Asker: 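There's a structure below that I have some questions on.
Keep in mind that what you see is a predicted model, and the values were worked out from it rather than measured.
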Amino acid sequence: MWESRELRPSPVMVWTRAQLGAFLDVAAQHRLYALFHLIAFRGLRRGEGCGVRWEDLDTDERTLDVAKQLVQIGWSFEEGEPKTESSDGVIALDTGTVSVLKEHRARQNEERLEWGEDWTDSGRVFTHEDGMELHPAWVSELFSQLAYEAGLPPIRLHDLRRCAATLAYAAGADTKMMSTMLRHSSTNFTENTYTTVLPELAHAAAEASVAIVPRAVSPRSPKRAPATLRIPWER
């Protein structure tokens with residue numbers, strides 16, 4: 001049961017690619033899947049995801065202008081500027097993410113028709129069924145619940161942003177590109193904080209290091225030296 005979530009294993013800092021895929025498969029059944037997809041693949045912060053407006057999205061150019069965020073103050077929240085000056089920036093979107101956002105828009109339009117005059121036109125991309133803005137803490141709780149349903153070790157919603165960084169790193173993005181996507185003030189901060197090496201990447205790097213050394217003899221099963229053979233420096 002969700003109420004027994006404290007029985008889960010100790011938290012980890014980042015999910016593997018397989019774990020992230022398992023989470024997204026479960027989240028895909030929820031009406032707010034697009035929000036978690038956007039955070040997982042493009043690294044938005046929680047408040048930025050909640051604060052995205054339709055006017056910030058350009059599906060033709062496949063860009064998203066991160067211009068606003070919803071800031072939690074105590075239990076209430078309000079619209080604010082991005083976390084830092086560098087956080088306010090345009091990020092590139094892949095075609096898959098654009099398709100997910102278009103599907104989300106179509107669903108939201110259906111909800112708008114269903115609610116009629118009771119619909120609240122907040123202008124936000126991600127809302128409740130009646131158009132009302134999402135409380136950032138509510139989104140975190142939903143994320144934790146979906147992660148639990150997927151049978152995954154718990155991480156914070158903010159750590160899903162770290163997953164986006166490791167995915168970009170795995171795909172070959174350099175530090176400058178990752179820093180631009182995450183909208184950091186410097187590449188040093190990106191390197192020190194977000195280039196977490198996934199276990200499978202570490203193994204791949206180890207295999208690659210061995211593979212680049214040319215060998216005439218396989219080291220897998222070395223033959224035993226004859227007993228009479230003496231090593232030159234032995235006395």
Asker: In Å, rounded to the nearest 0.5 Å, how long is the span from CD1 of Ile91 to OG1 of Thr63?
Answerer: 9.0 Å
Asker: Is the shortest heavy-atom distance from the side chain of Tyr33 to the side chain of Leu24 under 4.5 Å?
Answerer: yes
Asker: Evaluate the criterion side-chain contact (heavy atoms from CB on, under 4.5 Å) for residue pair Leu64 and Asp58; output intermediate values, then yes/no.
Answerer: CA-CA 6 Å; Leu64 177 66; Asp58 189 330; over 6 Å; no
Asker: When rounded to the nearest 0.5 angstrom, what is the spacing between CD1 in Ile155 and CG in Leu160?
Answerer: 5.5 Å
Asker: Would a distance-only check, ignoring hydrogens and angles, find a side-chain to backbone donor-acceptor pair under 3.5 Å from Trp115 to Glu129?
Answerer: yes
Asker: Report the distance from atom OG1 of Thr127 to atom CZ of Arg112, rounding to the nearest 0.5 Å.
Answerer: 9.0 Å
Asker: Are the side chains of Leu44 and Arg161 in contact, using a 4.5 Å heavy-atom criterion?
Answerer: no
Asker: Are Val139 and Leu146 grouped together when hydrophobic residues (ILVMFWY) are joined by side-chain heavy atoms under 4.5 angstrom apart?
Answerer: yes
Asker: Would Arg105 and Trp54 count as a cation-pi pair here, with the cationic atom under 6.0 angstrom from the ring centre and within 45° of the axis?
Answerer: yes
Asker: Give me the atom names and distance for the closest heavy-atom approach of Gly131 to Ser122.
Answerer: O-OG, 2.9 Å
Asker: Please step through ring-ring contact (aromatic ring centres under 6.0 Å, His included) for the pair Trp15 and Phe143, ending with a clear verdict.
Answerer: CA-CA 14 Å; Trp15 284 331; Phe143 168 74; 5.7 Å; yes
Asker: For Thr16, does its backbone N or O pair with a side-chain atom of Gln19 as donor and acceptor, under 3.5 Å?
Answerer: yes
Asker: A side-chain contact here means heavy atoms from C-beta on lying under 4.5 Å apart; do Val71 and Phe77 qualify?
Answerer: no
Asker: Testing Arg42, His37, Lys102, Arg62 one by one against Thr97 for a side chain to side chain donor-acceptor pair (under 3.5 Å), which residue passes?
Answerer: His37
Asker: Is the distance between the ring centroids of His30 and Phe36 under 6.0 Å?
Answerer: no
Asker: In terms of hydrophobic clusters joined by side-chain contacts under 4.5 Å, are Leu35 and Trp138 together?
Answerer: yes
Asker: Are Leu70 and Val125 grouped together when hydrophobic residues (ILVMFWY) are joined by side-chain heavy atoms under 4.5 angstrom apart?
Answerer: no
Asker: Going through the checks in order, is the ring-ring contact (aromatic ring centres under 6.0 Å, His included) test met by His104 and Phe126?
Answerer: CA-CA 9 Å; His104 177 77; Phe126 306 111; 5.0 Å; yes
Asker: Donor-acceptor pair, distance only, cut-off 3.5 Å: does the side chain of His135 make one with the backbone of Gln72?
Answerer: no
Asker: Test side-chain contact (heavy atoms from CB on, under 4.5 Å) on Leu57 and Asp65; report intermediate values, then the result.
Answerer: CA-CA 6 Å; Leu57 176 65; Asp65 185 5; over 6 Å; no
Asker: Minimum heavy-atom separation for Arg46 to Ser140, with atom names?
Answerer: NH1-OG, 2.9 Å
Asker: Can you check whether Glu111's main-chain N or O pairs, donor with acceptor, with Glu114's side chain at less than 3.5 Å?
Answerer: no
Asker: Taking Phe23 as the starting point, is it possible to reach Leu142 by hopping between hydrophobic residues whose side chains are less than 4.5 Å apart?
Answerer: yes
Asker: How far does CZ of Arg124 sit from CD of Glu55, to the nearest 0.5 angstrom?
Answerer: 9.0 Å
Asker: In the single-linkage hydrophobic clustering (I, L, V, M, F, W, Y; side-chain heavy atoms under 4.5 Å), do Val26 and Leu152 co-cluster?
Answerer: yes
